[in-house]
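Read the numbers this way: they start at 1 and go in the same order the structure lists the ligands and their atoms. In this chain, numbering begins with 1 at the start of the sequence shown.
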Amino acid sequence: MSDNNYEIAIVGGGPAGITAALYAGRSRVKTIVLERGAVGGQLWNTADIDDYPGLSMQTGPEVAQKFEEHAKKFGAEFEFGTVSKISKQGDEFVIETDEGEEYRALSVIVTVGGEARKLGVPGEQELAGAGVSYCAVCDGAFFQDKTIAVVGGGDSALEEGAFLTRYGSKVYLVHRRDEFRASPVLVEHFDATGKTEKILNSVVEEIVGDGKVTGLRVKNNETGEVSEIAVDAVFPFVGFTPHSDIFEDGLVETDEGGHILTDAKMETKTPGLFAAGDVRSQYVRQITNAVGDATTAALAAAAHVEAAKRTKATA
Ligand code: NAP
C-alpha cells in the first residue's frame, strides 16, 4: 500500500472523528484522520462539558486533548488537511485536499460537522471580530464587565450565555419565540446566574456599531415595536450549517437542512461511505450520540474493508 493509500479515511477530527479513529485503530485497519484545524473540533469552542458520563465540568479543550491522546494510542495517523472533494473510482474513494494532496481509501467516514449559522442582518459581517463572535470560550474574556447579548433559544445559546456571565456584567438573551429548544436544565442554569435578562418574541434587525459593536436593534414580533439595546458584544447561537458540500454528485443524500442521510450502520447511499456526528441527519446533536454513531460507523467501515479485501483476493 503506497503512502497515501489507506483502508479507512476519516474526514474530520471532532469527537466523532476521534472515536472512529479509536475503533478503526482497535480493529487493526490502516487508518488516517484528516482534520483542517485542531483535533477536537467544536470541543475547542465549548466551555464546560457537563453532559458526558464521567466528565463532569471539564473544559472542552481538556476533553479534546484526552480524546486525541486516547485515539492515537491505537495507531491511527492524524494529518492536517482541508478536504475539498470526495469521489469514487472503482472500489476506492478518492479524497482531495486544498493543500493538493490526494488520499485513497476503501472506506470513508465523514465526520466534518458544520459551522455556526449566521443571523444575516446588517452589521453582523461588518462587525465580526469587533464585538460579533460565534465562540464564547474564544472571545468571552474580551468582554469583562461589559454588556453582552446572545441570540437564539437552543442549547448553545443558553449554555454559552450562562458561560458568558462569568465575564459580562449583564447578559441579554434575545430569542424569537417564548419557548426554548434548549433543555430545561440549561434554561434554569442561565436564569440562576442572576445576571441575565431574556428578551423574548424578538428578532434582531441590526447589529449597531461603528468600528465596534455598540448596540442591537430588536423588533418585538407581537407588538412590532423596535428598540435599541446598548451592548458591547453579540454572540449569535442560532444553529448550525453542516459541511456536506464536499461530495461528488450522487454520492450522498441529504435532508432539507443539508445533513447527510444514513442507515442504522451510519452508511450513506454509497456502500463504504459513512457519516457520523453533527453532519449526519439525526434527532439530537450531542457529544454522546456523536461518539456512539462514530463507533457504529467505524465497526461497519472495518467490516466493509474486510469484505472488499476478500472480494479482491478472490477476483
Ligand atoms: P438549535 O438547537 O438548532 O437552536 C437554534 C436556535 O436559534 C433556536 O432557538 C432557533 O429558534 C434560533 N434561530 C434559528 N435561526 C434564527 C434566526 N435567523 N434568528 C433568530 N433565531 C434563530 O442550535 P444549537 O443551539 O446550536 O444546537 C445545535 C445542536 O447541538 C442541537 O441538537 C443541540 O441540542 C446540540 N447542542 C447540545 C449542547 C449540550 O448538550 N450541552 C450544547 C450545544 C449544542 P427557534 O427555536 O424559534 O427555531
Quick one: does Ser156's side chain have a donor or acceptor within less than 3.5 Å of a partner on Phe237's backbone?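 Not at all, since once roles are kept as given, no pair shorter than 3.5 Å links the two residues.
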May I have the list of side-chain donor-acceptor pairs in residues 245-252 shorter than 3.5 Å, sequence neighbours left out?
from   : atom 1 : to    : atom 2 : distance (Å)
Glu248 : OE1    : Lys88 : N      : 3.0

Mind listing the side-chain donor-acceptor pairs of residues 120-135 below 3.5 Å, one per line with the distance, residues two or more places apart or on another chain?
from   : atom 1 : to     : atom 2 : distance (Å)
Glu124 : OE1    : Leu119 : N      : 3.0
Glu124 : OE1    : Gly120 : N      : 2.6
Glu124 : OE2    : Leu119 : N      : 2.8
Glu124 : OE2    : Tyr134 : OH     : 2.7
Glu126 : OE1    : Gly123 : N      : 3.1
Ser133 : OG     : Cys135 : N      : 3.1
Ser133 : OG     : Cys135 : O      : 3.3
Ser133 : OG     : Asp139 : OD2    : 2.6

Return the protein residues near ligand 1 (heavy atom under 4.0 Å from any of its atoms), ordered by chain and residue number.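 Within the 4.0 Å shell of ligand 1, which is judged on heavy atoms, sit Asp51, Arg117, Leu119, Gly152, Gly153, Gly154, Asp155, Ser156, Glu159, His175, Arg176, Arg177, Arg181, Phe237, Val238, Gly239, Arg285, Gln286.
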Side-chain ion pair, Arg181 and Asp155, N-O less than 4.0 Å: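 Between Asp155 and Arg181 there is no salt bridge, as every charged N stays at least 4.0 Å from the carboxylate O atoms.
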Applying salt bridge (Lys or Arg N to Asp or Glu O under 4.0 Å) as the test, list every pair that has at least one member in residues 50-71; sequence neighbours left out.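 Of all non-adjacent pairs touching residues 50-71, those that pass salt bridge (Lys or Arg N to Asp or Glu O under 4.0 Å) are Glu68-Lys72.
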Candidate list Thr59, Val63, Val137, test side-chain contact (heavy atoms from CB on, under 4.5 Å), partner Asp48, passing option: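 Among the candidates, only Thr59 passes.
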